[in-house]
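Only a predicted model underlies this, so the values are computations on that prediction, with no experimental measurement involved. Chain A is the first sequence line, chain B the second, and so forth, proteins listed ahead of strands; every chain is numbered from 1.
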Protein chains: 2
Amino acid sequence: MKEKDVYKNSFDECSLTYALSVIGGKWRLPILWALNQQGPVRYNELKRSIHGITNMMLTQSLKELESYHIIHRQQYLEVPPRVEYSLTEHGESLMPTLKALAKWGKNVKNSLS
Amino acid sequence: MKEKDVYKNSFDECSLTYALSVIGGKWRLPILWALNQQGPVRYNELKRSIHGITNMMLTQSLKELESYHIIHRQQYLEVPPRVEYSLTEHGESLMPTLKALAKWGKNVKNSLS
DNA sequence: CAGCATCCTACCGGATACTG
DNA sequence: CAGTATCCGGTAGGATGCTG
């Protein structure tokens, strides 16, 4: 095995860093979590269920998540305007891993007390 | 099911946030990754294998990871001083999840191109 | 060899007000 | 209802030099 091949094994650090950059940030996880639980959700509904978030942050985070194709934005041409957000396949496929991470986090937290 | 019980299901967002705060930060992942691959590693060895990290950042990150009991610091009372870092059980137990996350990240990245 | 102290900068996240 | 625009402060991260 060549030396640089070492870096391809185990887990690929770049993909990992990328994944973290996707779900990182203060509000991404709460948003994904809300979408996972509530299914298609309207903007203001989402805002109400995520305590403390501002329009600024919600809009920005939604756009970023959408650009990664993690969530889907469905706009209905109605009056008053109606927009619904939901997880895409990619978003859904993240959930099991997040659960595993949460479980791990719980263990770590418990071991410290 | 009571309304607030909804928040206990699926995955626990607080533990998840906690987990991310543990593995977050710019250098934590590269460090864990290096330790996972190389086993017990000395300080300067670690520094060399993580391109671009400074003493400041390495020391700080190691301390933080140690405080979470994710890594272990073994000091040998020798001259010159020798210190070796390695993953703890908790650290090891994180690896499968990280691999899953990396795999997911790869998929997401590929789907964008 | 392994690590600390100091200073500094960039950017993430936020408050507030406005709009199609 | 579903967003934008503008301004702003705190903190994570970094450069540099020093030490047991």
* **Geometric class of the A/Tyr68/A/Tyr18 ring pair [parallel <30°, tilted 30-60°, perpendicular >60°]** =>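 It falls in the perpendicular class, over 60°.
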Measure from the side-chain heavy atoms of [X] and tell me the nearest of [options].
X       : options              : result
B/Tyr43 : D/dT4, C/dA2, D/dC1  : C/dA2
B/Asn55 : D/dA2, D/dT4, C/dC4  : C/dC4
B/Arg42 : C/dG14, C/dC4, C/dA2 : C/dA2

Tell me if a side-chain donor or acceptor on [X] pairs with a main-chain N or O of [Y] at a distance below 3.5 Å.
X        : Y       : answer
A/Ser49  : A/Leu46 : yes
B/Arg28  : B/Ser21 : yes
B/Trp104 : A/Ser15 : no

Please determine whether a side-chain nitrogen or oxygen atom of [X] lies at a distance below 4.0 Å from atom OP1 or OP2 of [N].
X       : N      : result
B/Trp27 : D/dA12 : no
B/Lys63 : C/dC4  : yes
A/Tyr85 : D/dG3  : yes
B/Arg82 : C/dG3  : no
B/Lys47 : C/dG3  : no

* Could you check A/Lys26 against B/Glu84 and say which one's nearest nucleotide on DNA chain C is further toward the 5' end? =>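 Taking each residue's closest nucleotide, the earlier one in sequence belongs to B/Glu84.
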* Structure fact -> The answer to which of A/Pro81 and A/Arg28 contacts DNA chain C further toward the 5' end, by nearest nucleotide, is A/Arg28
Between [atom2] on [N] and [atom1] on [X], what's the gap in Å once rounded to a whole number?
X       : N      : atom1 : atom2 : value
A/Tyr76 : D/dC1  : OH    : C1'   : 15 Å
A/Leu77 : D/dG3  : CG    : C1'   : 15 Å
A/Ile53 : C/dA15 : CD1   : C1'   : 14 Å
B/Met56 : C/dC4  : CE    : C1'   : 7 Å
A/Asn44 : D/dT4  : CG    : P     : 13 Å
B/Met57 : D/dT11 : CE    : P     : 16 Å
A/Leu58 : D/dC1  : CG    : P     : 14 Å
A/Gln74 : D/dA2  : CD    : P     : 13 Å

* To do: Report yes or no: do B/Tyr85 and B/Tyr76 belong to one cluster of Ile/Leu/Val/Met/Phe/Trp/Tyr joined by side chain heavy-atom distances under 4.5 Å?
  =>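 Cluster IDs for B/Tyr85 and B/Tyr76 differ.
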* To do: Would you indicate what A/Thr54 reaches in the nucleic acid, counting non-hydrogen atoms under 4.0 angstrom: base, sugar-phosphate, or nothing?
  => sugar-phosphate
* Structure fact -> The residue, A/Pro80 or B/Gly25, whose nearest nucleotide of DNA chain D is more 5′ is A/Pro80
